[in-house]
Amino acid sequence: MSKYKLFLLRHGEGAWNKENRFCSWVDQKLSENGVVEAQECGRLLKEQGYQFDQVFTSILSRSIQTAWLVLEAMGHEWVPVTKSWRLNERHYGALIGLNRAEMALNHGEEQVKLWRRSYDITPPPIDESHPYYAEIYNDRRYSTCDVPKEELPKRESLKEVLDRLLPYWNDVIVPVIKSGQTVLISAHGNSCRALLKHLEDISETDIVNVTLPTGVPVLLELDEDLRPVKPRQLLGDQAKIEAAIKKVEDQGKANAQNK
């Protein structure tokens with residue numbers, strides 16, 4: 001029997017989503033379309049009668065901006081928003097800034113799919129010669145983390161995303177849910193996928209095929225042990241959601257450049 005409701009949300013489309021580039025820890029704002037996605041998400045949630053008691057985001061602007069827009073559309077700007085680097089997008093290392101479709105041409109679609117979607121394969125690490133290294137690691141937000149800046153990741157597999165996310169989930173978010181509050185996690189494709197893998201006990205093989213489109217809320221109904229009592233629900237127009245999922249899956253294909 002369902003005791004708790006948890007909502008996961010991949011942020012609205014960012015500027016680099018639109019350009020089909022690995023954004024990762026580079027701080028990008030939402031695109032114009034991403035703003036609309038977040039606002040429409042908030043209106044949908046309001047129309048369906050949902051309310052949040054607490055919202056959790058990463059410390060990346062696109063995640064925070066999405067949460068703000070959703071709450072504004074719901075008329076719930078007062079709801080507390082808590083931010084943590086542990087909900088950040090997966091760190092794509094040396095791949096940051098590269099175009100997925102161009103990489104598929106150079107390395108093959110299967111290799112790009114492994115880098116993007118696999119569970120335990122890590123991309124090459126970022127180093128100080130990378131054009132975005134200084135922008136990321138000199139950013140003041142990373143001096144606020146609960147680990148020293150030098151211990152922050154330089155690349156991550158999805159497994160490593162889950163490893164750094166779980167302590168925050170268990171120590172901070174779980175007690176809030178178990179107190180009876182309804183939580184929205186406004187985060188990223190891979191931090192949401194990592195949490196789904198944990199909650200739904202998805203296999204390392206099957207997680208490769210789990211795709212979350214931008215701006216689509218995911219409802220999880222959980223029992224007292226925070227295990228799902230029914231399949232996850234992607235809320236909204238199902239035909240549009242299927243088209244959005246296909247668009248995400250096509251991003252790693254060699255012919256995706258002009259889609």
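Below, all heavy atoms of this structure are taken into account, side chains as well, without hydrogens, waters or symmetry copies.
Side chains of Glu13 and Thr66 form no contact here, defined as non-hydrogen atoms less than 4.5 Å apart. When side chains are defined from C-beta on, His198 counts as touching Leu166, because their heavy atoms get closer than 4.5 Å. In this structure, Leu235 and Tyr50 have side chains that are in contact, with non-hydrogen atoms separated by less than 4.5 Å. A 4.5 Å side-chain heavy-atom check between Ile126 and Trp25 finds every atom pair outside the cut-off. Glu204 places a side-chain heavy atom less than 4.5 Å from the side chain of Lys197. The shortest distance between side-chain heavy atoms of Lys5 and Leu219 falls below 4.5 Å.
Cys145 approaches Leu152 most closely through the heavy-atom pair SG-CD2, 4.2 Å. Shortest non-hydrogen contact noted between Ala94 and Pro125 is CB-O, 3.5 Å. Here the shortest heavy-atom pairing between Ile96 and His130 reads O-NE2, 3.1 Å.
Taking the centre and axis of the six-membered ring of Tyr133, the NZ or CZ atom of Lys154 falls outside the cone set by 45° and 6.0 Å. Cation-pi geometry between Lys178 and Tyr4 is not met at under 6.0 angstrom from the ring centre and within 45 degrees of the axis.
Looking only at atom types and distance, the side chain of Asp146 has a donor-acceptor partner in the side chain of Trp85 under 3.5 Å away. For the residue pair Asn33 / Ser31, no side-chain donor-acceptor distance below 3.5 Å is found, with atom types taken as modelled. Side-chain polar atoms of Asn99 and Arg21 form no donor-acceptor pair below 3.5 angstrom.
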Evaluate the criterion side chain to side chain contact (heavy atoms under 4.5 Å, CB included) for residue pair Leu184 and Leu9; output intermediate values, then yes/no.
CA-CA 7 Å; Leu184 168 67; Leu9 177 61; 3.9 Å; yes
Verify side chain to side chain contact (heavy atoms under 4.5 Å, CB included) between Leu196 and Arg232, making sure each step is shown before the conclusion.
CA-CA 9 Å; Leu196 279 176; Arg232 76 184 91 103; 4.0 Å; yes
Give the C-alpha distance, both sets of side-chain angles, the deciding distance and a yes or no for side chain to side chain contact (heavy atoms under 4.5 Å, CB included) between Val55 and Phe7.
CA-CA 9 Å; Val55 178; Phe7 293 79; over 6 Å; no
Report the C-alpha separation of Met103 and Phe22 in whole Å, then their side-chain angles, then the decisive distance to 0.1 Å, and conclude whether the side chain to side chain contact (heavy atoms under 4.5 Å, CB included) test is met.
CA-CA 11 Å; Met103 291 181 65; Phe22 284 101; 3.4 Å; yes
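Under the 4.0 Å criterion applied to side-chain N and carboxylate O atoms, Arg227 and Asp225 are not assigned as salt-bridge partners.
With hydrogens and angles ignored, the 3.5 Å screen pairs no side-chain donor or acceptor of Ser118 with any backbone N or O of Trp115.
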Without placing hydrogens or testing angles, list every side-chain donor-acceptor pair under 3.5 Å for residues 56-65, not counting sequence neighbours.
residue: Ser58; atom: OG; partner: Leu60; partner atom: N; Å: 3.1
residue: Ser58; atom: OG; partner: Ser63; partner atom: OG; Å: 3.4
residue: Ser58; atom: OG; partner: His188; partner atom: NE2; Å: 2.8
residue: Ser61; atom: OG; partner: Asp27; partner atom: OD1; Å: 3.2
residue: Ser61; atom: OG; partner: Asp27; partner atom: OD2; Å: 2.6
residue: Arg62; atom: NE; partner: His11; partner atom: NE2; Å: 3.2
residue: Arg62; atom: NH1; partner: Val26; partner atom: O; Å: 3.1
residue: Arg62; atom: NH2; partner: Ser24; partner atom: O; Å: 2.6
residue: Ser63; atom: OG; partner: Ser58; partner atom: N; Å: 3.1
residue: Ser63; atom: OG; partner: Ser186; partner atom: O; Å: 2.5
residue: Gln65; atom: OE1; partner: Leu30; partner atom: N; Å: 3.0

Do any side-chain atoms of residues 206-218 form donor-acceptor pairs under 3.5 angstrom with protein atoms, and if so which ones, sequence neighbours left out?
residue: Asp206; atom: OD2; partner: Ser203; partner atom: OG; Å: 3.3
residue: Thr211; atom: OG1; partner: Arg117; partner atom: NH1; Å: 3.4
residue: Thr211; atom: OG1; partner: Arg117; partner atom: NH2; Å: 3.0
residue: Thr211; atom: OG1; partner: Glu249; partner atom: OE2; Å: 3.2
residue: Thr214; atom: OG1; partner: Glu37; partner atom: OE1; Å: 2.9
residue: Thr214; atom: OG1; partner: Glu37; partner atom: OE2; Å: 3.2

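Annotation: Trp16 is in aromatic contact with Tyr132 [ring centroid separation under 6.0 Å].
Put simply, the residue from Glu109, Arg116, Glu110 that forms a side-chain contact (heavy atoms from CB on, under 4.5 Å) with Val112 is Arg116. Of the residues listed (Glu89, Arg10, Arg90), the one engaging Asn190 in a side chain to side chain donor-acceptor pair (under 3.5 Å) is Glu89, and it is the only one.
With sequence neighbours excluded, the residues that form a salt bridge (charged side-chain N to carboxylate O under 4.0 Å, His left out) with Arg164 are Glu156. Scanning for side-chain contact (heavy atoms from CB on, under 4.5 Å) contacts around Asp163 gives Lys159, with sequence neighbours left out. Residues satisfying the ring-ring contact (aromatic ring centres under 6.0 Å, His included) test with Tyr168, not counting sequence neighbours, are none. Shown here are the side chain to side chain donor-acceptor pair (under 3.5 Å) partners of Ser2, two or more places apart in sequence or in another chain: Glu221.
Between Tyr142 and Tyr137, the angle of the ring planes lies from 30° to 60°, which puts this pair in the tilted group.
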